[in-house]
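Note sheet for the following structure.
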Number of protein chains: 2
Amino acid sequence: MKRTHPGLLRNILATNVRRFRMARGLSQQDFALEIEMDRTYYGGVERGERNVSVDNIERIANGLGISPDLLFREAD
Amino acid sequence: MKRTHPGLLRNILATNVRRFRMARGLSQQDFALEIEMDRTYYGGVERGERNVSVDNIERIANGLGISPDLLFREAD
DNA sequence: TTGTGACTTACAGTCCGTC
DNA sequence: CGACGGACTGTAAGTCACA
């Protein structure tokens, strides 16, 4: 599912999620497993292809051990 | 649709959205109209009944004229 | 002015893979 | 390890009539 353009917010989310996950030194699959999310779906999130819902944003933020609002801050 | 649910992030979002909208002195219907969203759907968001996705969060934040991450900050 | 139940359709989200 | 595809299921998205 190649859902590129629409919003930029999901791209911000995507880069942030990826950055925080890598900072924790985890692979996509390991992290996805940890938060009980499908690995292919989670990969799509990091690619900005998925229009993630709040409940899943919460799961991801919890898994990363950070406050959810950090995932929506513009890259610096 | 009574989706009185699990996640609390959804409720944080709900209260924040409502607070910012009221701060702008707008009714749900007027605001919903402004961002081209169905009034009953938007109402459900403010009630924390809807598991909103990123694209819609973006639309709401844009309509409120604020940075999306403000919608995810814990109430003080 | 907002809430609610009922409803259909689009896509979120899962699971099997390959490269 | 991560990108990506096909086929599926569940639920968000979106609308309405009425309270």
Side-chain angles (χ1 to χ4, degrees), chain A residues 1-65 68-69 71-72 75, chain B residues 1-65 68-69 71-72 75:
Chain A
M1 207 171 212
K2 251 292 174 325
R3 195 159 299 286
T4 336
H5 358 29
L8 62 134
L9 186 55
R10 80 214 230 173
N11 296 307
I12 293 176
L13 177 71
T15 16
N16 282 331
V17 162
R18 173 166 272 160
R19 200 182 67 236
F20 281 112
R21 171 187 59 81
M22 293 184 84
R24 291 202 48 204
L26 292 171
S27 69
Q28 283 184 3
Q29 23 256 56
D30 285 346
F31 180 64
L33 188 74
E34 189 179 306
I35 64 177
E36 291 169 300
M37 186 175 281
D38 186 78
R39 72 183 164 78
T40 67
Y41 180 74
Y42 177 77
V45 173
E46 285 199 358
R47 264 170 264 129
E49 289 167 8
R50 296 297 191 151
N51 187 18
V52 202
S53 67
V54 197
D55 289 356
N56 276 333
I57 289 167
E58 182 170 29
R59 258 162 89 200
I60 293 173
N62 286 343
L64 291 171
D69 72 279
L71 297 175
F72 292 98
Chain B
M1 201 174 219
K2 252 298 181 306
R3 205 164 289 276
T4 314
H5 241 126
L8 67 138
L9 185 56
R10 183 197 286 210
N11 299 306
I12 293 176
L13 177 71
T15 358
N16 283 331
V17 162
R18 174 166 272 160
R19 202 182 66 236
F20 280 111
R21 171 187 59 84
M22 294 185 85
R24 290 203 48 204
L26 292 169
S27 68
Q28 282 185 5
Q29 15 200 28
D30 286 347
F31 181 65
L33 188 74
E34 191 178 305
I35 63 177
E36 292 167 302
M37 187 174 279
D38 187 85
R39 149 193 104 63
T40 64
Y41 179 75
Y42 175 77
V45 174
E46 283 200 357
R47 265 170 265 127
E49 292 167 5
R50 299 287 192 155
N51 187 15
V52 205
S53 67
V54 196
D55 289 357
N56 277 335
I57 289 168
E58 181 170 31
R59 255 162 92 199
I60 293 172
N62 286 342
L64 291 170
D69 73 279
L71 297 176
F72 292 98

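Numbered from 1 within each chain, the chains take letters A, B, ... in sequence-line order.
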Please state how far atom OH in B:Tyr41 lies from atom C1' in D:dG14, giving the value in whole angstrom units. 8 Å
When rounded to the nearest 0.5 Å, the distance separating CD1 of A:Ile60 from CG of B:Leu9 is 11.0 Å
4.5 Å side-chain heavy-atom contact, A:Glu58 and B:Arg10: no
Whole angstroms only, please: what is the CD-P distance between A:Glu36 and C:dC15? 11 Å
Check whether any side-chain heavy atom of A:Val52 lies under 4.5 Å from a side-chain heavy atom of A:Tyr41, and answer yes or no. yes
Measuring only between side-chain heavy atoms, which start at C-beta, is B:Arg39 closer than 4.5 Å to B:Leu33? no
Pair B:Arg21 + B:Glu34: basic N to acidic O under 4.0 Å: no
Check for a donor-acceptor pair, side chain of A:Asp69 on one end and backbone N or O of B:Asp69 on the other, with a separation under 3.5 Å. no
Would you say B:Asn56 reaches D:dG14's phosphate, i.e. side-chain N/O to OP1/OP2 under 4.0 Å? yes
Taking atom P of C:dC11 as reference, at what distance in whole Å does atom CG of A:Asn51 sit? 9 Å
Distance, rounded to the nearest Å, where B:Met37 contributes CE and D:dA13 contributes P: 8 Å
Would A:Arg59 and A:Asn62 satisfy side chain to side chain donor-acceptor pair (under 3.5 Å), going step by step from the backbone distance to the final call? CA-CA 5 Å; A:Arg59 258 162 89 200; A:Asn62 286 343; over 6 Å; no
Atom pairs, N/O to N/O, protein against nucleotides 16-19 of chain C, distance under 3.5 Å?
| residue | atom | partner | partner atom | Å |
| --- | --- | --- | --- | --- |
| C:dG17 | N7 | A:Arg39 | NH2 | 3.2 |
| C:dG17 | O6 | A:Arg39 | NH1 | 3.1 |
| C:dG17 | O6 | A:Arg39 | NH2 | 3.1 |

Please work out which residues in residues 21-33 of chain B have a non-hydrogen atom less than 4.0 Å from an atom of DNA chain D and list them by number. none
Does B:Arg50 make a side-chain donor-acceptor contact with the base of D:dA13, cut-off 3.5 Å? yes
Give the C-alpha distance, both sets of side-chain angles, the deciding distance and a yes or no for side chain to side chain donor-acceptor pair (under 3.5 Å) between A:Thr40 and A:Asp38. CA-CA 6 Å; A:Thr40 67; A:Asp38 186 78; 2.4 Å; yes
Could you tell me how far apart B:Arg10 (CZ) and D:dA13 (C1') are, to the nearest whole angstrom? 14 Å
Student check: side-chain heavy atoms of B:Phe72 and B:Ile57 closer than 4.5 Å: yes
A:Glu49 CD to C:dC11 P, in whole Å, measures 15 Å
Measure the distance from CD on B:Glu46 to P on C:dT2 and round it to the nearest whole Å. 8 Å
Quickly work out the B:Asp55 CG to D:dA13 P distance and round it to whole Å. 9 Å
Any side-chain N or O of A:Arg59 under 4.0 Å from OP1/OP2 of C:dG13? no
